[in-house]
Amino acid sequence: TSLALCANFNTSKVTDMQSMFNQCRELTSLCLGDNFNTKIVEKMSSMFFNCGSLTILDLGDNFNTSKVSDMQNMFKGCAYLRTILVNQDFVLLHPGVNSTDMFYDCLSLVGGKNTKYSNSYKNDASYARIDGSEGKPGYFTKRFTSNGSMSGESGPQNGGKLVLKK
């Protein structure tokens, strides 16, 4: 099941997104769209927790974490999540954010420059950045579009592999 939250889904007044998509086990792809504004959100813990079938997540252009203090377990248990798309200006954290087990058990996750999830890396926000930005590894992939549409597809038509589109 795919879900695209486009123009009619306005979150500009939401402060708590804790467990918002928690346990959406049938969800395979999610595009948050450009009206999914997180500028004043303070809590994102377990937001995508245990979305076990999710393979691609497009965070859109307005995913802003500047006020977030809790991201614990945010993607935990997303074993099939391969790609997290973010805009090119994405900056994740400020000091003091709780990001314990943010990526725990994201066994399929691969950043845009091919950095693969590993249990030997920290599971906190240490890799929560665009892969290769500032010469550092990360688990995120830079989006190619800015109109809220999915910029990648994954499914049986292409052998389950992710195909990014310009």
Side-chain angles (χ1 to χ4, degrees), residues 1-76 78 80-94 97 99 102-103 106 108-113 115 125 127-134 136 138-155 157-158 161-166:
T1 304
S2 295
L3 179 61
L5 303 175
C6 299
N8 296 327
F9 199 81
N10 187 333
T11 59
S12 63
K13 296 183 180 180
V14 177
T15 59
D16 188 345
M17 292 187 174
Q18 182 173 308
S19 300
M20 187 173 200
F21 300 99
N22 188 333
Q23 308 282 338
C24 289
R25 292 187 180 113
E26 301 300 317
L27 191 60
T28 57
S29 64
L30 177 59
C31 177
L32 297 182
D34 292 337
N35 280 335
F36 197 91
N37 187 327
T38 60
K39 189 174 184 177
I40 63 169
V41 174
E42 297 170 3
K43 295 180 183 177
M44 290 184 175
S45 63
S46 302
M47 189 171 177
F48 304 100
F49 178 80
N50 244 358
C51 291
S53 298
L54 189 63
T55 59
I56 184 167
L57 174 60
D58 186 340
L59 296 178
D61 275 347
N62 288 307
F63 200 84
N64 180 324
T65 61
S66 62
K67 299 220 189 276
V68 177
S69 62
D70 190 359
M71 293 179 146
Q72 182 174 354
N73 302 326
M74 188 170 178
F75 304 103
K76 183 177 182 177
C78 294
Y80 292 101
L81 181 59
R82 180 164 172 79
T83 306
I84 301 172
L85 297 166
V86 296
N87 74 44
Q88 67 184 10
D89 300 322
F90 185 82
V91 176
L92 183 65
L93 296 174
H94 52 85
V97 172
S99 63
M102 185 174 182
F103 295 104
C106 292
S108 303
L109 194 55
V110 179
K113 301 276 186 187
T115 296
Y127 282 70
R129 65 176 150 258
I130 295 173
D131 196 13
S133 65
E134 300 175 13
K136 297 177 182 175
Y139 291 143
F140 296 158
T141 301
K142 184 169 62 168
R143 294 175 83 220
F144 290 104
T145 64
S146 60
N147 63 4
S149 65
M150 290 296 282
S151 47
E153 291 180 6
S154 176
Q157 71 278 7
N158 53 35
K161 295 179 182 172
L162 175 70
V163 178
L164 292 177
K165 298 177 178 178
K166 284 190 178 184

Subject >> Partners meeting side chain to side chain donor-acceptor pair (under 3.5 Å) with Asn37 (sequence neighbours left out) >> reply: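 Testing Asn37 for side chain to side chain donor-acceptor pair (under 3.5 Å), a comparison that skips the adjacent residues, returns none.
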Original post:
Got a sec, which residues hit side chain to side chain donor-acceptor pair (under 3.5 Å) with Gln23, two or more places apart in sequence or on another chain?
Top reply: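 Gln23 satisfies side chain to side chain donor-acceptor pair (under 3.5 Å) with Arg25 only.
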With a 4.5 Å limit on heavy-atom distance, are the side chains of [X] and [Y] in contact?
{"X": "Asn73", "Y": "Ser46", "result": "yes"}
{"X": "Leu59", "Y": "Ile84", "result": "yes"}
{"X": "Leu85", "Y": "Phe140", "result": "no"}
{"X": "Thr115", "Y": "Tyr127", "result": "yes"}
{"X": "Met44", "Y": "Thr65", "result": "yes"}
{"X": "Val86", "Y": "Lys142", "result": "no"}
{"X": "Val41", "Y": "Phe63", "result": "no"}

**OP:** Could you pull out all residues at least two apart from Phe21 that satisfy ring pair (Phe, Tyr, Trp, His ring centres under 6.0 Å)?
**Re:**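 Ring pair (Phe, Tyr, Trp, His ring centres under 6.0 Å) list for Phe21, sorted by chain: Phe48.
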With rounding to the nearest 0.5 Å, note down the distance linking [atom1] in [X] to [atom2] in [Y].
{"X": "Asp16", "Y": "Asp70", "atom1": "CG", "atom2": "CG", "value": "9.0 Å"}
{"X": "Ser2", "Y": "Leu27", "atom1": "OG", "atom2": "CG", "value": "7.5 Å"}
{"X": "Leu54", "Y": "Thr1", "atom1": "CG", "atom2": "OG1", "value": "11.0 Å"}
{"X": "Cys31", "Y": "Phe36", "atom1": "SG", "atom2": "CZ", "value": "11.0 Å"}
{"X": "Leu5", "Y": "Asp58", "atom1": "CG", "atom2": "CG", "value": "10.5 Å"}
{"X": "Ser66", "Y": "Lys39", "atom1": "OG", "atom2": "NZ", "value": "7.5 Å"}

Original post:
Under 3.5 Å, side chain of Asn87 to main-chain N/O of Asp61, donor-acceptor pair present?
Top reply: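 Flag set: sc Asn87 to bb Asp61 pair under 3.5 Å.
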Original post:
Taking Thr38 for the side chain and Asn64 for the main chain, is one N or O donor matched with an acceptor at less than 3.5 Å?
Top reply: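 Checked: pair present.
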Original post:
Which of these, Lys76, Gln18, Met71, sits in a side chain to side chain contact (heavy atoms under 4.5 Å, CB included) with Ser45?
Top reply: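 Testing each of Lys76, Gln18, Met71 against Ser45, the sole residue satisfying side chain to side chain contact (heavy atoms under 4.5 Å, CB included) is Gln18.
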**OP:** Indicate the atoms forming the closest heavy-atom contact of Cys106 with Phe75, along with that distance.
**Re:**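 Result for this residue pair: SG-O, 3.1 Å.
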**OP:** Indicate the atoms forming the closest heavy-atom contact of Val97 with Val68, along with that distance.
**Re:**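 Closest approach of Val97 to Val68, heavy atoms only: CG2-O, 3.2 Å.
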**OP:** For the pair Thr15 and Lys43, evaluate side chain to side chain contact (heavy atoms under 4.5 Å, CB included) and give the outcome as yes or no after the intermediate values.
**Re:** CA-CA 7 Å; Thr15 59; Lys43 295 180 183 177; over 6 Å; no
